[in-house]
2 protein chains.
Amino acid sequence: MQPDPLSSTFAALADPTRRAILARLALGETSVMELAAPFDMSLPAISKHLKVLEHAGLISRGREAQWRPCRIAPVAFKEVDGWLGNFRRFWDESFNRLDGLLEEMKADEAAKANTKAPPRSKRKVRVKKEKQGGRTRG
Amino acid sequence: MQPDPLSSTFAALADPTRRAILARLALGETSVMELAAPFDMSLPAISKHLKVLEHAGLISRGREAQWRPCRIAPVAFKEVDGWLGNFRRFWDESFNRLDGLLEEMKADEAAKANTKAPPRSKRKVRVKKEKQGGRTRG
DNA sequence: CGGTTAAATAACCTATAGGTTAAATACGGC
DNA sequence: GCCGTATTTAACCTATAGGTTATTTAACCG
């Protein structure tokens, strides 16, 4: 398993079985047995997949008698979304509009502070190095 | 390499070197040489990484004399974001508010159509079923 | 043409991901 | 305490991801 959390999360998501498991869990918490049912695969295999998902922070597991119910864990999803946010401007038009608006506002702010406004740059590009607290929606 | 596009994209993103390359490319198109510079790694290794990224639809490459400039390709990012969207309600509060609002509107719409409104479900959960093809070997 | 720079390919090595079967563990019920 | 059900662990196998060095292709330059 990878050292950094983002790598293990992406690696976990890179398997169709695991993504299908997550899709099932989006419907609600359930047992390993039920999760395994749709797949033509041994239980230990599913068990391993779940361990990978848990390690990646994509699911968490409870304990209820002999069952270990799994549910979606938000953390890792959030991190992925945050990382993706650094690239949103490359495909999301509405994001670009919003971004432009925000820049407009910042410029106005600056104009109020300085009588002599600084030159407006065409488009400020910034990519923080990997750590990025990320731009969440809203 | 994986059969389905989403898997290869996530797999491509599961490597810190490749994510760093993407971060660099977010600043703008550039050559393989410049992309390789920050890494303590041979050029063929970088070349392979780029091939993976290209295959995943995360970058595209041009041709300019002996250089093969790389740039971000939106498609794969978009797909990842789309998939992630199925889980957004698990972590994004503002999304939940928006979702609630939309449901409200739909309900109003329905109320206009039928004099007798259908029972309001608590929370409509929908998860598109993933392609889930392949699954070679057992 | 021959030399130089940019990048990709080939051949190879090693660690590990994803699957298997068989055995072990955890818990509830009688 | 023993049995059945749910789940994990152990031991193993095979394909492949990610790196290496050496070689090849492609384009420009004088």
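Quantities reported herein were computed from a predicted structural model and do not represent experimental measurements. Residue numbers start from 1 in every chain, and the chains themselves are labelled A, B, ... in the order their sequence lines are given, proteins ahead of strands.
In this structure, E34(B) atom CD and dA7(C) atom C1' are separated by 15 Å, rounded to whole Å. Between the NE2 atom of H55(A) and the P atom of dT16(C) there is a distance of 13 Å, rounded to whole Å. Between the P atom of dG18(C) and the CG atom of D15(A) lies a distance of 5 Å, rounded to the nearest Å. When rounded to the nearest whole Å, the span between CG of L43(B) and C1' of dT21(D) equals 13 Å. Rounded to an integer number of Å, the gap from CD1 of I46(B) to P of dG19(D) is 8 Å. In this structure, the CH2 atom of W67(A) is 11 Å from the P atom of dT5(D), given to the nearest Å. For the pair R68(B) CZ and dA6(C) P, the computed distance is 12 Å after rounding to whole Å. Between the CG atom of L35(B) and the C1' atom of dA6(C) there is a distance of 13 Å, given to the nearest Å.
For the side chain to side chain contact (heavy atoms under 4.5 Å, CB included) with L53(A), the qualifying choice from L22(A), D15(A), T9(A) is L22(A), the only one to do so.
Here dA22(D) is the nucleotide among dA7(C), dA22(D), dG19(D) with the atom lying nearest to any side-chain atom of P44(B). Here the nucleotide nearest the side chain of Q66(B), chosen from dT20(D), dG19(C), dT5(C), is dT5(C).
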Please test T30(A) against R71(A) for side chain to side chain donor-acceptor pair (under 3.5 Å), starting from the C-alpha separation and ending with a verdict. CA-CA 7 Å; T30(A) 191; R71(A) 68 191 77 79; over 6 Å; no
Evaluation steps, salt bridge (Lys or Arg N to Asp or Glu O under 4.0 Å), between R88(B) and D81(A): CA-CA 9 Å; R88(B) 185 150 282 125; D81(A) 188 54; 2.8 Å; yes
Derivation of the side chain to side chain donor-acceptor pair (under 3.5 Å) call for S31(A) and R68(A): CA-CA 6 Å; S31(A) 71; R68(A) 247 134 286 185; over 6 Å; no
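An OP1 or OP2 oxygen of dG19(D) is reached within less than 4.0 angstrom by no side-chain nitrogen or oxygen of S42(B). OP1 or OP2 of dT8(D) has at least one side-chain nitrogen or oxygen of S47(A) nearer than 4.0 Å. Distances shown here put a side-chain N or O of K51(A) below 4.0 Å from the OP1 or OP2 atom of dT9(D).
The residue among K48(A) and A65(A) whose nearest nucleotide of DNA chain C lies closer to the 5′ end is K48(A). Residue-to-nucleotide proximity on DNA chain C shows that, of R63(A) and A11(A), the 5′-proximal contact is made by A11(A).
Taking the six-membered ring for Trp and the full ring otherwise, W91(B) and F87(B) have centroids separated by 6.0 Å or more.
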